[in-house]
S.K.: 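One structure coming up, written as structure tokens, with questions to follow.
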Amino acid sequence: MLVVIKKDYEEVSREAARIVAGAVRCRPEIVLGLATGSTPLGLYKELIALYGTGDLDFSRATSFNLDEYLGLPASHPQSFHHFMEQSLFSKINLPRQNIHIPDGMVGHDYEAYCANYEQAIKSAGGIDLQVLGIGRNGHVGFNEPTSSLASRTRLKALSRETIEDNRHFFASESEMPKCAITMGIGTILDSRRVLLLASGRSKAAAVAKAIEGPITSSVSASALQMHPDVTFIIDEDAAYSLTQRDYYRHVLEMTRIFTPERLS
Ligand code: PGA
């Protein structure tokens, strides 16, 4: 596990973009796992800028998004379909047919739908690089606390904290979805490489539990400790509660010298 501590959100976004862009250049047919939320917005802006200057080409890439609210059509302004369209897909050349986001309007037979999503990831060759944010409650995707660490894509009831964090996006509490379809923790752990981005003091406790706490289903992100290639890119505020910050800096210096490919 690499922990990269940057000064602020802008630096986090630039570092994440450097790694994602490098991965796309190295493997143009890359399968990306993408996240929504305020955290990856800076990364997406950087990627759009690189595409705009002709420095990045997504024409052979494929993407799978982590999750979608249940009950929201793609056209709903708060749907993750809409978010991705506005924040990234309408501004780069990732082919439409290569974009996958769980369908919030799947009205029945959730199990079969979710099994198909898993199968689509497998058929694409698996996710090469998964981008994650982290919730205040330690969730990744919508894998709320007590999600099975072996979980796959499924219907998930949202926690009270997640509903509270997101209800201001909706006109009233009754409009706020109560469930979502999300990739599971097992799905995320199958990705070849994971980048988790976090910014701000509100994430400090979750980040510290994920990196330094015990592996527990109460903090879904702690399952990443079992993954062989995870990089946390976090700002100083999000790193605030980590007790081993100097050691992470030392690890990074040694990585730059001995295994720089892990940072490329
Ligand atoms: P945020 O959400 O990026 O909007 O903070 C992260 C999450 O809940 O996973």
Side-chain angles (χ1 to χ4, degrees), residues 6 8-17 20 32-47 64-70 72 77-84 86-88 101-102 104 127 130-147 151 153-154 156-170 176-185 187-189 191 194-211 217-224 227 230-241:
K6 294 288 180 186
D8 54 23
Y9 178 69
E10 282 66 38
E11 282 197 10
V12 166
S13 301
R14 268 200 298 277
E15 176 67 359
V20 174
L32 293 168
L34 297 177
T36 51
S38 53
T39 308
L41 275 176
L43 158 66
Y44 295 159
K45 279 197 186 119
E46 297 281 339
L47 294 178
F64 287 89
N65 262 78
L66 283 166
D67 45 16
E68 177 59 283
Y69 286 122
L70 192 72
L72 296 195
Q78 297 309 331
S79 75
F80 290 164
H81 278 77
H82 186 78
F83 176 96
M84 289 307 298
Q86 297 294 309
S87 318
L88 185 65
I101 306 178
I127 291 170
Q130 175 68 58
V131 175
L132 298 174
I134 184 170
R136 283 192 303 136
N137 63 5
H139 76 192
V140 284
F142 273 137
N143 292 288
E144 301 291 34
T146 73
S147 287
S151 51
T153 302
R154 69 209 182 291
K156 187 74 197 165
L158 301 179
S159 69
R160 183 188 46 77
E161 207 162 15
T162 296
I163 293 174
E164 270 169 20
D165 280 353
N166 292 288
R167 64 189 257 197
H168 64 277
F169 292 119
F170 295 85
M176 168 78 208
K178 304 296 184 291
C179 292
I181 292 186
T182 182
M183 277 187 207
I185 299 171
T187 321
I188 292 167
L189 291 178
S191 321
V194 177
L195 287 188
L196 187 147
L197 316 182
S199 166
R201 191 66 70 86
S202 68
K203 301 293 175 71
V207 164
K209 286 182 195 161
I211 296 173
S217 65
S218 298
V219 182
S220 303
S222 68
L224 297 173
H227 193 285
V230 177
T231 306
F232 279 76
I233 308 177
I234 59 180
D235 65 11
E236 277 167 11
D237 282 341
Y240 180 77
S241 301

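Numbering of ligands and ligand atoms starts at 1, following listing order. Worth saying up front: this structure is predicted, and the values here are computed from it rather than measured.
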S.K.: I need the full list of salt bridge (charged side-chain N to carboxylate O under 4.0 Å, His left out) pairs touching residues 132-143, with sequence neighbours left out, sorted by first then second residue.
M.R.: Arg136-Glu161, Arg136-Asp165

S.K.: Can you check whether Ala17's main-chain N or O pairs, donor with acceptor, with Glu46's side chain at less than 3.5 Å?
M.R.: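 Judged by distance alone, no pair lies under 3.5 Å.
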
S.K.: With Phe80, which residues qualify under ring pair (Phe, Tyr, Trp, His ring centres under 6.0 Å), at least two apart?
M.R.: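 Testing Phe80 for ring pair (Phe, Tyr, Trp, His ring centres under 6.0 Å), a comparison that skips the adjacent residues, returns Tyr69, Phe142.
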
S.K.: Working to the nearest 0.5 Å, report the span between CG of Leu66 and CD1 of Ile181.
M.R.: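 Rounded to the nearest 0.5 Å, the CG-CD1 separation comes out at 13.5 Å.
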
S.K.: What short N/O contacts, under 3.5 Å, does ligand 1 make with the protein, listed by atom pair and distance?
M.R.:
{"unit_1": "ligand 1", "atom_1": "3 (O)", "unit_2": "Ser38", "atom_2": "N", "d": "3.3"}
{"unit_1": "ligand 1", "atom_1": "3 (O)", "unit_2": "Thr39", "atom_2": "N", "d": "2.9"}
{"unit_1": "ligand 1", "atom_1": "3 (O)", "unit_2": "Thr39", "atom_2": "OG1", "d": "2.5"}
{"unit_1": "ligand 1", "atom_1": "4 (O)", "unit_2": "Ser38", "atom_2": "N", "d": "2.9"}
{"unit_1": "ligand 1", "atom_1": "4 (O)", "unit_2": "Ser38", "atom_2": "OG", "d": "3.0"}
{"unit_1": "ligand 1", "atom_1": "5 (O)", "unit_2": "Lys203", "atom_2": "NZ", "d": "2.5"}
{"unit_1": "ligand 1", "atom_1": "8 (O)", "unit_2": "His139", "atom_2": "NE2", "d": "2.7"}
{"unit_1": "ligand 1", "atom_1": "9 (O)", "unit_2": "His139", "atom_2": "NE2", "d": "3.2"}

S.K.: Please list, chain by chain and in numerical order, all residues satisfying side chain to side chain contact (heavy atoms under 4.5 Å, CB included) with Lys156, sequence neighbours excluded.
M.R.: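 Partners of Lys156 under the side chain to side chain contact (heavy atoms under 4.5 Å, CB included) test: Glu144, Ser147, Arg154, Thr182.
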
S.K.: Looking only at atom types and distance, does a side-chain atom of Tyr240 sit under 3.5 Å from a main-chain N or O of Gly200, one as donor and one as acceptor?
M.R.: no

